[in-house]
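The analysis underlying the following values was restricted to heavy atoms, covering all of them including side chains, and did not include hydrogens, waters or symmetry mates. Chain letters run A, B, ... following the sequence lines, proteins first, then strands; residues in each count from 1.
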Amino acid sequence: MKILQPVRGTSDLLPADKARQNHVIETAKKIGRTYGFQDMATPIFEFTDVFRRPLGDASDVVSKETYSFEDRGGTEITLRPENTASVMRAVISNGLTQTLPQKYIYAGPMFRYERPQKGRMRQFHQIGVELIGPSSALADAEIIGCGAELLSELGVLEHCTLHLNSLGDTQSRDAYRTALVAFLAQYKDDLSIDSQRRLVQNPLRILDSKDAKDKEIVAGAPQLADYLNDVSKAHYDLLTTALDKANIAFVADPLLVRGLDYYCHTAFEFITDQLGAQGTVLGGGRYDGLSEMLGGPHLPAVGFAAGVERLSLLVDKDEEVRTDILLVVMDTELQADGFALASQLRRAGLSVDMPFTGNISKKLKRADKIGAGIALLLGSQEFATGEVQVKSLGDGETQTIAIDALLTHPLIAPLCE
RNA sequence: GCGGGUGUAGCUCAGUUGGUUAGAGCGCCAGUUUGUGGUACUGGAAGUCGCCGGUUCAAUUCCGGUCACUCGCCCCA
């Protein structure tokens, strides 16, 4: 075991990366607030059944992508591969089904045992929103609008296309699935190996196969849209009308399907062409069936999840974290006084860095690394009269002022929060 | 889980048709400057050539395996 390298599919977030991710997350929370979504969090692990029941044993996520283990008490535990099931579990656990709708936003790490690629990690981070209670297509529009707004605020919407589809309600979907399987069964031997497997496990997935031969066959397959019943059509129509009126551009994508079983009606993904095969940057849909799969009441819900790493890769913003003031203590015997002064400035809201070793020149060099605009030089000569040197690092101008007057100095006062 | 590419200093990369002490730029450290940063100049440290094995008088170089990263498939955020 090579402990000096991180576990495959995990990585350290050094300050530059972490700052970029914080920006994505903070932007999401800000946009979420404008929609009335409240920040919340669920545990990072749950009983394995929380994920196994709704996702289905056959799904890839559960059958081969989860980090599952038995804890010391013999309980089957799974690190969450996504957060929607956890949130729904929390709503039911806490009796919140009595006070609907519930609107949540969350952010945190997820875990999937997959082959890592760019924008695909084994520990990765998602931000997501869930709107639980309403069955109206306007709720779907609100979720999609929130996603679009987030991407727009991050400056990446122009690189993304919104793909939209309707899977219909259970009745429509079952009818379509039957028709699709009947059609594809005729070409069973011509389908790719993967798709032959899907024919049994998840036939709708064959629709977006990238295999050339599969695509040919799929081209002649029945269309999902033709199997939507009136309720499903009305839902889709209201959603698209709302999106149109709000100027949210989308392309109807009849081949867009979701991997997880509990989705119905709306499925959507914001896809970018800038991340190779991991183009989906934000995706979601309606999952009216989830609550019942967990043993709760019938509970309509819709939401999205976005990949923080993927969004961070698209955001070119480099937020440098600067420190306001470099405090250079020029005489060893004044170290403790320097610490006291730094403490006083910090209490006033300033960020202060005070090097402990090195000569004056070496200490001053640190100013550039931390991005400080001002250096304070504390030496015995001026300390004797209660003064300190204030050096503006932009132009090198230095003046000596009373320590008591520091916080009102024209260069320093604006930095106090 | 399957297929392709890559692996030389902290970073970005040269290089060796197999042959003595493996190079550059950036970064880092020190000095020029013992109470004043950036720039400049000078000097310095730093590499099991990913790891293990094989072939060979000799392997960083060739071969095999392995690990990691990366791209694609699968699946998704």
A/E269 vs A/G9, nearer the 5' end of RNA chain B by closest nucleotide: A/G9
Heavy-atom closest contact (A/C160 atom, A/V281 atom, distance): SG-CG1, 4.2 Å
Integer angstrom distance from the P of B/G19 to that of B/A59: 11 Å
Of the listed nucleotides B/A77, B/G35, B/G1, the one nearest the side chain of A/F124: B/A77
Sugar-phosphate, base or nothing in reach of A/G396, heavy atoms under 4.0 Å: base
Charged N-O contact under 4.0 Å between A/E142 and A/K103: yes
Span that lies between the C1' atom of B/A46 and that of B/A24, in whole angstrom: 15 Å
Nearest-angstrom distance from the residue atom CG of A/N359 to P of B/U36: 9 Å
Distance, rounded to the nearest Å, where A/R366 contributes CZ and B/U36 contributes C1': 17 Å
Closest nucleotide among B/U36, B/A77, B/U70 to the A/P116 side chain: B/U70
Phosphate OP1/OP2 of B/G72 contacted by A/Q117 side-chain N/O (<4.0 Å): yes
Touch class at under 4.0 angstrom, heavy-atom based, for A/L377 against every strand present: base
Shortest non-hydrogen contact from A/Y104 toward A/L96: OH-CD1, 3.1 Å
Residue A/K369, side-chain atoms from C-beta onward, closest of B/U70, B/C29, B/U36: B/C29
For A/T48 against A/S68, the heavy-atom pair lying closest together: OG1-OG, 4.4 Å
Touch class at under 4.0 angstrom, heavy-atom based, for A/G119 against every strand present: base
Between A/T385 and A/E387, a side-chain donor and acceptor under 3.5 Å: yes
For atom NZ of A/K391 and atom P of B/G37, their distance in whole Å: 7 Å
Nearest-angstrom distance, C1' atom, B/A14 to B/G23: 7 Å
Gap between atoms OH and P, on A/Y113 and B/A77 respectively (whole Å): 21 Å
Spacing between A/E397 atom CD and B/G38 atom C1', to the nearest angstrom: 15 Å
Plane angle bin for A/F268 and A/F270 - parallel if under 30°, tilted between 30 and 60°, otherwise perpendicular: perpendicular
Residues forming a ring pair (Phe, Tyr, Trp, His ring centres under 6.0 Å) with A/Y227, sequence neighbours excluded: A/Y176
Distance in angstrom units between A/L204 CG and B/C75 C1', rounded: 15 Å
Atom-to-atom span, NZ of A/K365 to P of B/G38 - whole angstrom: 5 Å
Phosphate OP1/OP2 of B/C73: any A/R115 side-chain N/O under 4.0 Å: no
Presence of A/K362 side-chain N/O under 4.0 Å of B/A30 phosphate oxygens OP1/OP2: yes
Atom CD of A/E292: over 12 foreign heavy atoms under 6.0 Å: yes
Residue-phosphate contact under 4.0 Å: A/S361 side-chain N/O, B/G37 OP1/OP2: yes
Integer angstrom distance from the C1' of B/A68 to that of B/U8: 16 Å
Side chain to side chain contact (heavy atoms under 4.5 Å, CB included) between A/L256 and A/L164, intermediate numbers included: CA-CA 7 Å; A/L256 173 66; A/L164 182 68; 5.8 Å; no
Sugar-phosphate only, base, or nothing, as touched by A/G373 at under 4.0 Å among non-hydrogen atoms: nothing
Whole-Å C1' distance, B/A45 and B/C28: 9 Å
P atoms of B/U33 and B/C52, separation to the nearest Å: 49 Å
Contact summary for A/P222 and A/A179, nearest pair of heavy atoms: CG-O, 4.1 Å
For atom CG of A/D353 and atom P of B/G37, their distance in whole Å: 18 Å
Minimum-distance nucleotide to A/D368 side chain [options: B/G35, B/G38, B/A77]: B/G38
Base B/A77 paired with A/R120 side chain (donor-acceptor, <3.5 Å): no
Atom P, compared across B/C26 and B/G43: separation rounded to whole Å: 14 Å
Side chain of A/K118 - closest among B/G37, B/A77, B/U70: B/U70
Rounded C1' spacing from B/C49 to B/G7 in Å: 10 Å
Base of B/G1 paired with side chain of A/E114 (donor-acceptor, under 3.5 Å): no
Closest nucleotide among B/G1, B/G35, B/A77 to the A/A305 side chain: B/A77
Which nucleotides of RNA chain B pair, in dot-bracket form (Watson-Crick or G-U under 3.5 Å, | meaning another strand): (((((((..((((.....[...)))).(((((.......))))).....(((((..]....))))))))))))....
